[in-house]
Amino acid sequence: MTTHPPAPHIELDGRPATEETLRIPALYGFGHFTALQVRDGRVRGLGLHLARLDAANRELFELPVDGDRVRELIRHALDGAGRRDASVRVNGYLPPGATRTTLMVTVREPAAMPAGARSLMSVPYARSAPHIKRPGEFGQTYYGVLAGRAGFDEALLTAPGGVVTEGAITNIGFWDGASVVWPDAPALAGITMALLEEGLERDGRPSVRRPVTLDGPDGAGRFRASFVCNSQGIAPVRRIDGTAFAVDEELMKDLGSVYDSAPQDAV
């Protein structure tokens, strides 16, 4: 028998979603969001999530987002869903004529990065304004579907010249045997990526930014290992197109320890 996950619990500005209020995301999709994992009412990098929402809202709508309001709305939605562990999204929209940002909080079952090493299919697509995390990204979804049909786990977005930027729903990092290398290219600065950077710095092992391409002297194949990360966790990469990578168990253990040591804040 096929089982389906429970329907998400959705609130807009602290009130359960209705047919009328859901017209906002349906008809006015211009907006932004952050996605986070809540465990026992706590979140790693909560301050970074709040800063992301505020910065994006100021850029898109010229309005701030109060962090205390966001936390209150998340707590309210978690209570409404009856959950302490959850996948949570906070979306910001500004419908025509509105003077205050509508914040939509969606609560789903908790999620984790799928087990096993990941395979990535490179695609010629780079997001516009990649520093803003936003809903309805057709290109990412389109190429993600194509990657799945071709037998890959995710799409790897590349700019002209085969410049590696980011995964369709992840950041990608590489290991050269001494340092973690993040592609020096326009991409979304993910919260998990930021937590890893901060943790490595604390441990005296700063990561670096360098150009990475699919081929050539800066090609991905020159690295000893690779990994992807997002709010659901960290996973090794086993191949990009036809380029295979060994899974560096010691690297993954170190990255996991760095991530696990990141402070967790109550929402």
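What you are looking at is a predicted structure, and each value in this text was computed from that prediction instead of being measured.
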- Quick check: are there more than 12 heavy atoms from other residues, nucleotides or ligands sitting under 6.0 Å from CD of Gln264? yes
- Message: Run the salt bridge (charged side-chain N to carboxylate O under 4.0 Å, His left out) test on Arg205 and Asp203 for me, step by step, so that the C-alpha distance in whole Å, both residues' side-chain angles and the decisive distance to 0.1 Å come before the verdict.
- Response: CA-CA 6 Å; Arg205 299 180 294 170; Asp203 289 351; 3.5 Å; yes
- Kindly give the heavy-atom pair with the smallest separation between Gly199 and Val258, and that separation in Å. CA-CG1, 3.5 Å
- Query: Any side-chain heavy atom of Gln37 sitting closer than 4.5 Å to one from Pro110?
  - Reply: yes
- Message: Any non-hydrogen side-chain atom of Leu36 less than 4.5 Å from a side-chain atom of Thr34?
- Response: yes
- Item | Worked check of ring-ring contact (aromatic ring centres under 6.0 Å, His included) between Phe223 and Trp182 | CA-CA 12 Å; Phe223 292 99; Trp182 305 101; over 10 Å; no
- Item | Side-chain (Arg52) to main-chain (Leu50) donor-acceptor, under 3.5 angstrom | no
- Query: Does the side chain of Val38 reach to within under 4.5 Å of the side chain of Leu78, using non-hydrogen atoms?
  - Reply: yes
- Item | side chain to side chain contact (heavy atoms under 4.5 Å, CB included) between Leu255 and Tyr259, intermediate numbers included | CA-CA 6 Å; Leu255 292 175; Tyr259 180 67; over 6 Å; no
- When hydrophobic residues are tied together by side-chain contacts of less than 4.5 Å, even through go-betweens, does Leu53 share a cluster with Ile132? no
- Item | Residue pair Arg134, Ser128: steps toward the side chain to side chain contact (heavy atoms under 4.5 Å, CB included) verdict | CA-CA 11 Å; Arg134 54 193 188 267; Ser128 59; 3.3 Å; yes
- Query: If you count the non-hydrogen atoms of other residues, nucleotides and ligands that lie under 6.0 Å from CG in Asp215, is the total more than 12?
  - Reply: no
- Is any side-chain heavy atom of Ile240 closer than 4.5 Å to a side-chain heavy atom of Leu156? yes
- Message: Nearest 0.5 angstrom please: Leu48 CG to Leu195 CG, how far?
- Response: 5.5 Å
- Item | Minimum-distance pair of heavy atoms, taken over all atoms of Gly177 and Arg224 | CA-NH1, 3.5 Å
- Message: Counting C-beta onward and ignoring hydrogens, is there a side-chain heavy-atom pair between Glu137 and Arg127 closer than 4.5 Å?
- Response: yes
- Ser119 and Asp153: side-chain donor and acceptor closer than 3.5 Å? yes
- Task: Examine the side chains of Asn91 and His32 and answer whether a donor and an acceptor come within less than 3.5 Å of each other.
- Result: no
- From CD (Glu11) to CG (Leu73), nearest 0.5 Å: 8.0 Å
- pair Met121-Val123: side-chain heavy atoms closer than 4.5 Å: yes
- Judged by atom type as modelled, is there a donor-acceptor pair below 3.5 Å linking the side chain of Asp13 to the main-chain atoms of Leu103? yes
- Query: Is the side chain of Thr243 donor-acceptor paired with the backbone N or O of Gly221 at a distance under 3.5 Å, no angle test?
  - Reply: no
- Approximate separation, where rounding is to 0.5 Å, of Thr102 OG1 and Phe61 CZ: 9.0 Å
- Message: To the nearest 0.5 Å, what is the distance between NE2 on His76 and CD1 on Ile74?
- Response: 13.0 Å
- salt bridge (charged side-chain N to carboxylate O under 4.0 Å, His left out) between Glu197 and Arg209, worked out: CA-CA 11 Å; Glu197 285 187 299; Arg209 305 286 181 96; 3.0 Å; yes
- Mark yes or no for whether Gln140, through its side chain, and Ala168, through its backbone, hold a donor-acceptor pair below 3.5 Å. yes
- Task: Report yes or no: do Ser87 and Glu109 form a side-chain donor-acceptor pair below 3.5 Å?
- Result: no
- Item | Worked verdict on Tyr143 versus Tyr125 for ring-ring contact (aromatic ring centres under 6.0 Å, His included) | CA-CA 8 Å; Tyr143 283 114; Tyr125 179 75; 5.7 Å; yes
- Please tell me if the side chains of Glu166 and Pro130 come closer than 4.5 Å, counting only heavy atoms from C-beta onward. yes
- Ile191 and His49: which non-hydrogen atoms are nearest, and at how many Å? CG1-CE1, 3.4 Å
- Query: To the nearest 0.5 Å, how far apart are CD1 in Ile234 and CZ in Arg118?
  - Reply: 13.5 Å
- Polar side chain donor-acceptor pair, Asn230 to Thr192, under 3.5 angstrom: no
- Query: Taking atom CG of Asn57 and atom OG1 of Thr101, what is their separation to the nearest 0.5 Å?
  - Reply: 3.5 Å
- Message: With a 4.5 Å cut-off on side-chain heavy-atom distances among I, L, V, M, F, W and Y, is there a chain of contacts connecting Phe30 to Leu94?
- Response: yes
- Query: Honestly curious: do Leu214 and Val228 fall in one hydrophobic cluster under the side-chain, below-4.5 Å linking rule?
  - Reply: yes
- In sequence, state the C-alpha distance, the side-chain angles, and the governing distance for Leu196 and Val180, and then conclude on side chain to side chain contact (heavy atoms under 4.5 Å, CB included). CA-CA 10 Å; Leu196 290 175; Val180 168; over 6 Å; no
- Message: Quick check: is Ile10 connected to Tyr93 through a chain of hydrophobic side chains (ILVMFWY, heavy atoms under 4.5 Å apart)?
- Response: yes
- Message: Under a 3.5 Å distance rule, please check whether Arg71 uses its side chain to pair with a backbone N or O of Ala266 as donor and acceptor.
- Response: yes
- Item | Worked check of salt bridge (charged side-chain N to carboxylate O under 4.0 Å, His left out) between Arg44 and Asp260 | CA-CA 9 Å; Arg44 285 189 178 88; Asp260 289 343; 3.8 Å; yes
- State whether Arg39 and Asp85 are salt-bridged, where the test is any N-O pair (Lys NZ or Arg NE/NH1/NH2 against Asp/Glu carboxylate O) under 4.0 Å. no
- Query: Looking only at heavy atoms, which two atoms of Val88 and Val107 are closest? And how far apart?
  - Reply: CG2-CG2, 4.3 Å
- Note on the structure: Scanning both residues in full, the closest heavy-atom pair of Thr158 with Val164 reads CG2-CA, 4.3 Å
- Task: Using a 4.5 Å cut-off on heavy atoms from C-beta on, say whether the side chain of Val267 contacts that of Val43.
- Result: yes
- Message: When you group the ILVMFWY residues by side-chain heavy-atom contacts below 4.5 Å and let the links chain together, are Phe227 and Val181 in the same group?
- Response: no
- Message: Both conditions, 6.0 Å and 45 degrees, for the charged tip of Arg239 above the ring of Phe152: are they met here?
- Response: yes
- Item | For the student: nearest non-hydrogen atoms of Asp54 and Pro64, plus distance | OD1-CA, 3.4 Å
- Does the salt bridge (charged side-chain N to carboxylate O under 4.0 Å, His left out) test come out yes or no for Asp176 and Arg222, once each step is laid out? CA-CA 8 Å; Asp176 64 6; Arg222 68 189 174 95; over 6 Å; no
- Query: For the side chain of Thr21 and the backbone of Ala17, is there at least one donor-acceptor N/O pair under 3.5 Å apart?
  - Reply: no
- Query: Is the backbone N or O of Ser122 less than 3.5 Å from a side-chain atom of Asp241, with the two atoms forming a donor-acceptor pair by type?
  - Reply: yes
- Message: In terms of relative ring orientation, are Phe174 and Phe245 parallel, tilted or perpendicular, with 30° and 60° separating the classes?
- Response: tilted
- Per the side chain to side chain contact (heavy atoms under 4.5 Å, CB included) rule, which among Ile172, Asn171, Thr170 passes with Met193? Asn171
